[in-house]
Number of protein chains: 2
Amino acid sequence: MAEHVGSGGAGGESLLFLTDEQIRKGIEAMYFAYRGFTADPDRILENYAYGRAHHRALHFVNRSPGTTVNNLLALLGVTKQSLNRVLRTLIDDGLVESRVGASDKRERNLFLTEAGAALEAEVSEAQRARVRAAYRAAGPDAVAGFRQVLEAMMEPELRTHYQAFKEGGA
Amino acid sequence: MAEHVGSGGAGGESLLFLTDEQIRKGIEAMYFAYRGFTADPDRILENYAYGRAHHRALHFVNRSPGTTVNNLLALLGVTKQSLNRVLRTLIDDGLVESRVGASDKRERNLFLTEAGAALEAEVSEAQRARVRAAYRAAGPDAVAGFRQVLEAMMEPELRTHYQAFKEGGA
DNA sequence: CAGTTTATGTCAGCCTTGTTGACATTCCAA
DNA sequence: TTGGAATGTCAACAAGGCTGACATAAACTG
């Protein structure tokens, strides 16, 4: 199973970064880093009796105002029952507004209320602060590599969604 | 809140990679990539009625044979009760062996059995295959940056554990 | 227009994996 | 030797995934 790598080829193109040991370390790095990545939002949301699921909903509604429930389902990869529970509490608590679709009245267009936007900003800024610090410490070239590897690691369908945001963004 | 960045400074040291927009994209990349990262192990473990928690336990016991429960707790960041449940099933199913500590009989030293090592190898190879493909697609320089940013993103305590593995490894 | 498909919401119940609390065992130090 | 700290286990609960079943309304199709 273990791939045949390790002998630095001719032309200085060493493949040592593809050894199982290097890849195991990358896996551990990903696992530990992801915990840091979610730690600050988790801590903040605890004060509001919300969890990671609420954070994800707030994030993507903020990212794509007016998005539909179905659209969100594709992004989040959960069942509608699961998403509905989270969305229900956010709507009942006045953080998300759900408007009947203009052209297609079956759809619901989702928006953050002022309060929702405020919470999203608070949580998001905490998370961005950590990522910003990591970016600054690692430098622009490292960040480019970081983004490149992450993109290559995504499931193709999610990569498409990601790239759509990438275009749409700035 | 948003940091004062964006004006490319003198000397070609542009800080555009620190804009909120770039950081938001990094956050999304991290989220989508982590789902890819866990997808293959999850799929395999489903067949054995195990979950992600079992995977983590197998991984770290394999990584540090003879480790104690307490040690594992520090690595995994869950309560001992939560870990115990997972460990219990793995021991009962004959994947992990728990030996009473030699010097301190309160401790338990954990090892993978042959069956445990086999499952660990199967799951691990699936995960490594995806990471390997991503590494290969991105290239060695990108991988170095990837690792650097991840390390900077970890909580300090976990970074220490991570670096200990890094030394001990290969 | 009748029938089907699509988008959404909801109820009920289950599973995994977190949590706290209570408790037994073992070790160590006063 | 006795009390406290460390280690591990059992019980019960909560969050947030899941499936299945079903209702409604709107859109689409023949």
Side-chain angles (χ1 to χ4, degrees), chain A residues 31 34-35 38-39 41-61 66-93 96-111, chain B residues 31 34-35 38-39 41-61 66-93 96-110 123:
Chain A
Y31 169 63
Y34 196 77
R35 283 176 49 192
T38 55
D42 285 356
R43 246 189 308 274
I44 292 173
L45 288 165
E46 215 174 319
N47 304 329
Y48 299 87
Y50 293 138
R52 212 171 284 180
H54 302 86
H55 179 196
R56 292 196 281 261
L58 287 177
H59 175 95
F60 284 110
V61 170
T67 188
T68 63
V69 172
N70 239 355
N71 203 326
L72 225 45
L73 285 177
L75 249 50
L76 296 175
V78 298
T79 59
K80 63 176 179 172
Q81 294 90 332
S82 202
L83 174 59
N84 186 256
R85 187 186 1 200
V86 167
L87 228 36
R88 189 78 266 138
T89 71
L90 290 175
I91 292 170
D92 289 348
D93 293 353
V96 168
E97 195 192 337
S98 166
R99 297 187 207 148
V100 171
S103 56
D104 188 334
K105 290 180 195 164
R106 292 171 305 178
E107 294 183 342
R108 300 287 181 275
N109 296 117
L110 302 171
F111 301 88
Chain B
Y31 169 64
Y34 196 77
R35 283 175 51 189
T38 55
D42 286 355
R43 247 190 307 273
I44 292 173
L45 288 166
E46 217 174 318
N47 304 329
Y48 299 86
Y50 292 139
R52 210 171 284 181
H54 301 86
H55 178 200
R56 293 196 281 258
L58 287 175
H59 175 94
F60 284 110
V61 171
T67 189
T68 63
V69 172
N70 234 359
N71 201 326
L72 226 46
L73 285 178
L75 251 52
L76 296 175
V78 298
T79 58
K80 59 181 178 174
Q81 295 88 334
S82 195
L83 174 58
N84 185 258
R85 188 195 310 122
V86 167
L87 231 34
R88 189 76 268 139
T89 70
L90 291 175
I91 292 170
D92 290 349
D93 293 354
V96 167
E97 195 193 337
S98 165
R99 297 185 206 148
V100 172
S103 55
D104 187 334
K105 288 181 194 163
R106 291 171 303 182
E107 294 184 341
R108 301 287 182 275
N109 295 115
L110 303 170
V123 172

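Everything numeric in this text was worked out from a predicted model, so none of it was measured. The analysis underlying the following values was restricted to heavy atoms, covering all of them including side chains, and did not include hydrogens, waters or symmetry mates. Throughout, a chain's letter reflects where its sequence line sits, starting with A, and its residues are numbered from 1.
With rounding to whole Å, B:K80 atom NZ is found 15 Å from C:dT25 atom P. Distance B:D42 CG to C:dT16 C1': 11 Å, rounded to the nearest Å. Separating the CG atom of B:L83 from the P atom of D:dT9 is a distance of 9 Å, rounded to the nearest angstrom. Atom pair B:H54:NE2 and C:dG18:P shows a separation of 10 Å (rounding to whole Å applied). Residue A:L76 contributes atom CG, which lies 13 Å from atom P of C:dT8 at whole-angstrom precision. Whole-Å rounding puts the A:E46 CD to C:dG18 C1' distance at 12 Å. One atom, CG of B:L73, and another, P of C:dT17, lie 16 Å apart when rounded to the nearest Å. As rounded to whole Å, 17 Å separates atom P of C:dT16 from atom OH of B:Y48.
The two residues B:V69 and B:L83 make their nearest non-hydrogen contact at O-CD2, 3.9 Å.
With sequence neighbours excluded, no residue forms a side chain to side chain donor-acceptor pair (under 3.5 Å) with B:Y34.
Of the inter-residue distances, the one linking B:R106 atom CZ with B:N70 atom CG reads 9.5 Å to the nearest 0.5 angstrom.
Contact annotation: B:N84 side-chain N/O to D:dG8 OP1/OP2 distance is not under 4.0 Å. Contact check, B:T79 against C:dT19: a side-chain N or O comes under 4.0 Å of OP1 or OP2.
Not one N or O on the side chain of B:R52 forms a donor-acceptor pair closer than 3.5 Å with the backbone of B:L45.
Side-chain N/O atoms of B:R106 and base N/O atoms of C:dT25 include no donor-acceptor pair closer than 3.5 Å. With hydrogens and angles left out, the side chain of B:Q81 and the base of C:dG21 share a donor-acceptor pair within 3.5 Å. For C:dT26, the base has no donor-acceptor partner in the side chain of B:K105 [N/O atoms by modelled type, under 3.5 angstrom]. Side-chain atoms of B:R85 come within donor-acceptor range of the base of C:dG18, with a qualifying N/O pair under 3.5 Å.
Between A:Y50 and the choices A:D42, A:T89, A:D93, the side chain to side chain donor-acceptor pair (under 3.5 Å) rule is met once, by A:D93.
Taking only side-chain atoms of A:N70, from C-beta outward, the nucleotide of C:dG9, C:dA7, C:dT17 with the closest atom is C:dA7. Out of D:dG17, D:dT19, C:dG9, the shortest distance to the side chain of A:R108 is found at C:dG9. Out of D:dT9, C:dT8, C:dT20, the shortest distance to the side chain of B:R88 is found at D:dT9. You'll find that the side chain of B:R52 is closest to C:dT17, out of C:dT8, D:dT9, C:dT17.
Among the protein residues, A:T89 comes within range of no part of the nucleic acid, since none of its heavy atoms lies under 4.0 Å from any strand.
Pairs engaging residues 70-80 of chain B under the salt bridge (Lys or Arg N to Asp or Glu O under 4.0 Å) rule: none recorded [sequence neighbours left out].
In this structure, B:S82 and B:D104 both approach DNA chain C, and ranking their closest nucleotides by distance from the 5' end singles out B:S82. Each of B:L87 and A:G77 has a nearest nucleotide on DNA chain D; the 5'-most of these lies closest to B:L87.
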